[in-house]
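Chain letters run A, B, ... following the sequence lines, proteins first and then strands; every chain starts at 1. Note that these values count all heavy atoms, side chains included, but never hydrogens, waters or copies made by symmetry.
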Amino acid sequence: MENNNSKSCLARLRAIDFALYETVLYLDAYPDNAEALAYYHRMLTQRKALVAEYEQNVGPLTVCGNVSTTGWDWIKNPWPWEYEAN
Amino acid sequence: MWNYEKKLQYPVKIKTPNPKLAQIIISQLGGPDGELAASMRYLHQRYAMPYKEITGILTDVGTEELAHLEMVAAILYQLTRNLSEDQIKQGGFETYFVDHTTGIYPIAASGVPFDMKYVGIKGDTIADLQEDLAAEQKARVTYDNILRLCDDPDVRDPIKFLREREIVHAQRFGDALRIAQDHLDSRNFYACNPSFDKACGKK
């Protein structure tokens, strides 16, 4: 059963990722835009904190994020396409 | 190379299975203007691109399309969960079910399996980018059509997200086309193909 903390952490991470990836696409077309690059770094800093929180409390986001030294949490259910994961 | 992130780009939470709706939405998986076509188109076009901005856009939009492919699959998965045989028959789902059960198979709503013929890769900078602009419009229209046929707010929500992303991608391809033109002789953009000809561009 999901607790509110893990849901809200995922929601916050999705929001930051949205802003970040929009900025990435913009920088691809306008790589010299200093303001966009500064915004990118601000988003990245927030993302790093959210990823750490998510991986500590919910589970790994990538294969490099299995913080546990006693269990392989990467394959833990649910998977992203299941109702319970969202 | 590709890394996988174990989360959907945008949530999919569908309470009510609906195999009839799944048969329509499956076109965004395996249809001519769907996410598999989009990701294959952009990721393969990028190799011939001569300008790094455009290679970047194609790489990053192509990768996002793989994420959208996963979202469409999630929608289909949740729409076909725990079906009874009655639900399969009432949903007119038998033709798909007999060959694929509730497996997720890239096919169009018409029943035609995914075909690489949907993917245009001409190896010409301008032709490829115009293909991409058209592709994003067609994907948007397909999502428009799905929204006309769908009442369930749980399904409409991620579909609306995916539709908006197509519009944003179209903007980025517009940027890419302008960037390509900025490198070329404005008296004749078609004098040469910067994806192939050496020294093709402004003197």
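Of the listed residues (B:L8, B:N3, B:I14, B:V12), the one with the most heavy-atom contacts under 4.5 Å to chain A is B:L8. The candidate with the highest count of non-hydrogen atom pairs below 4.5 Å against chain A, out of B:H169, B:R81, B:M71, B:E53, is B:E53.
When heavy atoms are compared at a cutoff of 4.5 Å, B:E70 approaches chain A solely by way of its side chain, counted from C-beta outward. Neither the backbone nor the side chain of B:K52 comes within contact range of chain A, judged by heavy atoms closer than 4.5 Å. Contact annotation for B:V61: both backbone and side-chain heavy atoms come within less than 4.5 Å of a heavy atom of chain A. If you measure heavy-atom distances from B:I57 to chain A, the contacts under 4.5 Å come from both the backbone and the side chain. The contact between B:Y10 and chain A is made entirely by backbone atoms, counting heavy-atom distances below 4.5 Å. Proximity to chain A (any heavy atom under 4.5 Å) is shown, for B:Q171, by neither the backbone nor the side chain. If you measure heavy-atom distances from B:Y4 to chain A, the contacts under 4.5 Å come from both the backbone and the side chain.
A side-chain donor-acceptor contact under 3.5 Å links B:Q78 to the backbone of A:W81. Judged purely by atom type and a 3.5 angstrom limit, B:K6 uses its side chain to pair as donor or acceptor with the backbone of A:W74.
For B:F196, the CZ atom sits in a loose shell: 12 or fewer heavy atoms of surrounding residues, nucleotides or ligands are nearer than 6.0 Å. The neighbour count for B:E94 CD, taken as heavy atoms of other residues, nucleotides or ligands under 6.0 Å away, is above 12. When the shell of 6.0 Å around CG of A:L44 is examined, it contains more than 12 heavy atoms from other residues, nucleotides or ligands. Within 6.0 Å of CG in B:N188 there are more than 12 heavy atoms belonging to other residues, nucleotides or ligands. No more than 12 heavy atoms of other residues, nucleotides or ligands shown are found within 6.0 angstrom of OH on A:Y40.
Remark: A:E22 CD to B:D60 CG distance equals 11.5 Å, nearest 0.5 Å. In this structure, the separation between CD on B:Q9 and OH on A:Y21 is 9.0 Å, given to the nearest 0.5 Å. Taking NZ from B:K7 and CG from A:L10, the interatomic distance works out to 7.5 Å, rounded to the nearest 0.5 Å. Rounding to the nearest 0.5 Å gives a distance of 11.5 Å between CD of A:E82 and NZ of B:K13. Expressed to the nearest 0.5 Å, how far CZ of A:F18 lies from CZ of B:F161 amounts to 5.5 Å.
A salt bridge is absent between B:R172 and A:D28: the closest approach of a Lys/Arg side-chain nitrogen to an acidic carboxylate oxygen does not fall below 4.0 angstrom.
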